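In what follows, a structure is listed as structure tokens, so that the remarks can point back to it.
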Amino acid sequence: MNFIEELKWRGLFHQEIPGTEDLLNKGEVVKGYIGFDPTAPSLGIGNMVQIIILKHFQRAGHQPIAVLGGATGMVGDPSGKSDERNLQSLDQLEINKKNVEAQLRHFLDFGAEKNPAILVDNYDFYKDMNVLTFLRDVGKHLTVNYMMAKDSVKSRMETGISYTEFSYQLLQAYDFVQLYKQHNCMLQMGGSDQWGNLISGVELIRRMEGGEVYAVTSPLVTKTDGTKFGKTEKGNVFLSADMTSPYSFYQFWLNVSDEDAEKFIKIFTFLDRPTIEALIEEHRQDPGRRVLQKRLAEEVTVMVHSQEDLETAIKASSILFGKGTKETLQSLPLRDLLSVFEGVPQFNIDKAQLTDSISVIDFLTDVTGVFASKSDVRRAIKGNALSINSEKITNDTETISAADLINDSLVWVQNGKKNNYLVLVG
RNA sequence: GGGGAGAUACCAAAGCGGCCAACUGGGGCAGACUGUAAAUCUGCUGUCUCUGACUUCGUAGGUUCGAAUCCUGCUCUCCCCA
């Protein structure tokens, strides 16, 4: 199966410039690139789609170039944005760049013999360039009329677009020119929202260099319920363990709906077609077992984090959602307990505050602040929703004391099935 | 500038002197069922010293035994005419 066919059955193909497939099937190693702007301290799972496409590209025997948007990140892509964005500070950009670069290195194979991945920072294309040079040598080749016809710009004509963001497509186009000249890069890939920018690059190469290059886009990943992919109530799902704990990351995939699971397992894992089709079949037989979600969550967590992180995440899930009794909690060493509860909101109190036994209501409000009001606590107790150390609180006169601490240092509070809090006593 | 309508809890929207902490819908939270899903059903959704008390219906006063409800000033919003 060739690269384009692979993308197609996985649902990763949107459109191409005619001739792209022929180029890739010649049996030669083709260089293709995708750009990643360092707009956040970490890539999110939306960006992961593009990384995965680069990996498929590499697996198909071609040579992937990951372009770090050191320059484009300074300007800001108007694509898909209804308002002008604030520029990021240069310091922040520097931090973002370091992180994004590390993440790209984590996924792509830079040691491959025949087709090692290449990392390029597009800042290098511009750092020694004069504005006037840019205007004379680059800007002269595309008309404003042409640039304004792009959706990304056109949709902003009402609300306004700065000259800076307007110039973005010219920068991205010139990236392609440089990659074409320096690396003989023949293909640019990206999300479907990037189509306009990719075409600008193709056009610019035709005019400046007389070269014929190609472009492929992938569809926007969507969810069946219409909500935005890659976000939870708590915000974006990031690839960095510091920003989205491996546990939350694992949970995100585990909670995917049945229809989405069939779609996502094709997009986000490298399992081959027979394996995936067998899994889907198995899942349809007995959706309750959620084999798809589990496998998806496992594969992606290992790929992004590690086998070890996956095991911790599974263990955490079984304690948080399973029948973890107080005894099993007591049996775990403190270090593991803390990692199980990583990402769970934590409250710190002083041990002196627990010398006498105090009522659960006071403990959860005045002492720790887990709940905003005492009425809230009473409601939770009435609704049979509140547990402390996995034991249901059924009466609002119950008390808590130092003897109830797990490992002599913490209290686990649950409100309902999904809201966990940890009180650290030190 | 003249005339009219309105301002109620997270949102929408009833209530128009005591039965109002305030109908109903949405949202949110929880419970049941389930698969840590969807759908469905149920409860909750001002605070507290919680079978009761206290503070809330734009804002400041007033009438009344009693006001979200009536009166007055103020602020803001909308509509019509100029």
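Naming: A, B, ... by sequence-line order, numbering from 1 per chain. These numbers were taken from a predicted model, which means no experiment stands behind them.
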Is [X] close enough to [N] that one of its side-chain N or O atoms is under 4.0 Å from OP1 or OP2 there?
X	N	answer
A:S373	B:C48	yes
A:N419	B:A30	yes
A:K417	B:C29	no

Let me know the distance between [atom1] of [X] and [atom2] of [N], rounded to the nearest Å.
X	N	atom1	atom2	answer
A:E259	B:A39	CD	P	11 Å
A:Y247	B:U36	OH	C1'	8 Å
A:F249	B:U36	CZ	P	21 Å
A:R379	B:C44	CZ	P	11 Å
A:D396	B:U47	CG	P	15 Å

Notebook entry, point to check: Between A:H305 and A:S240, is there a donor-acceptor pair closer than 3.5 Å when you use the side chain of the first and the backbone of the second?
Noted result: no
Next item on the list: Give a yes or no on whether the backbone of A:L386 and the side-chain of A:N415 come within a donor-acceptor separation of less than 3.5 Å.
Entry: no
Using the [atom1] atom as the point on both nucleotides, what is the distance between [M] and [N], in whole Å?
N	M	atom1	value
B:C23	B:C57	C1'	14 Å
B:G62	B:G1	P	31 Å
B:U47	B:A38	P	27 Å
B:C20	B:C76	P	35 Å

Just checking [X]: base, sugar-phosphate only, or nothing, at a heavy-atom cut-off of under 4.0 Å?
X	answer
A:S257	nothing
A:N384	sugar-phosphate
A:L386	nothing

Margin query: I need the residues from residues 279-297 of chain A with at least one non-hydrogen atom less than 4.0 Å from RNA chain B; give them sorted by number, or say none.
Written below: A:P287, A:G288, A:R290, A:Q293
Notebook entry, point to check: So, are A:E311 and A:K315 salt-bridged, with charged N and O less than 4.0 Å apart?
Noted result: no
Check: Is A:K374 salt-bridged to A:D362, going by a charged N under 4.0 Å from an acidic O?
Finding: yes
Item checked: Earlier contact from the 5' end, RNA chain B, for A:N255 and A:N415 ->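 The 5'-side residue here is A:N415.
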Next item on the list: Tell me which of A:D362 and A:L254 sits closer to the 5' end of RNA chain B, going by the nucleotide each one is nearest to.
Entry: A:L254
Next item on the list: Using the six-membered ring wherever Trp is involved, compare the ring planes of A:Y163 and A:F166 and label them parallel, tilted or perpendicular (cut-offs 30° and 60°).
Entry: tilted
Notebook entry, point to check: Looking only at side chains, do A:Q194 and A:D77 share a donor and an acceptor under 3.5 Å apart?
Noted result: yes
Check: B:A22 pairs with which nucleotide, Watson-Crick or G-U wobble, both distances below 3.5 Å?
Finding: none
Notebook entry, point to check: Taking the six-membered ring for Trp, are A:F238 and A:F249 ring centroids under 6.0 Å apart?
Noted result: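 Centroid separation for A:F238 and A:F249: 6.0 Å or greater.
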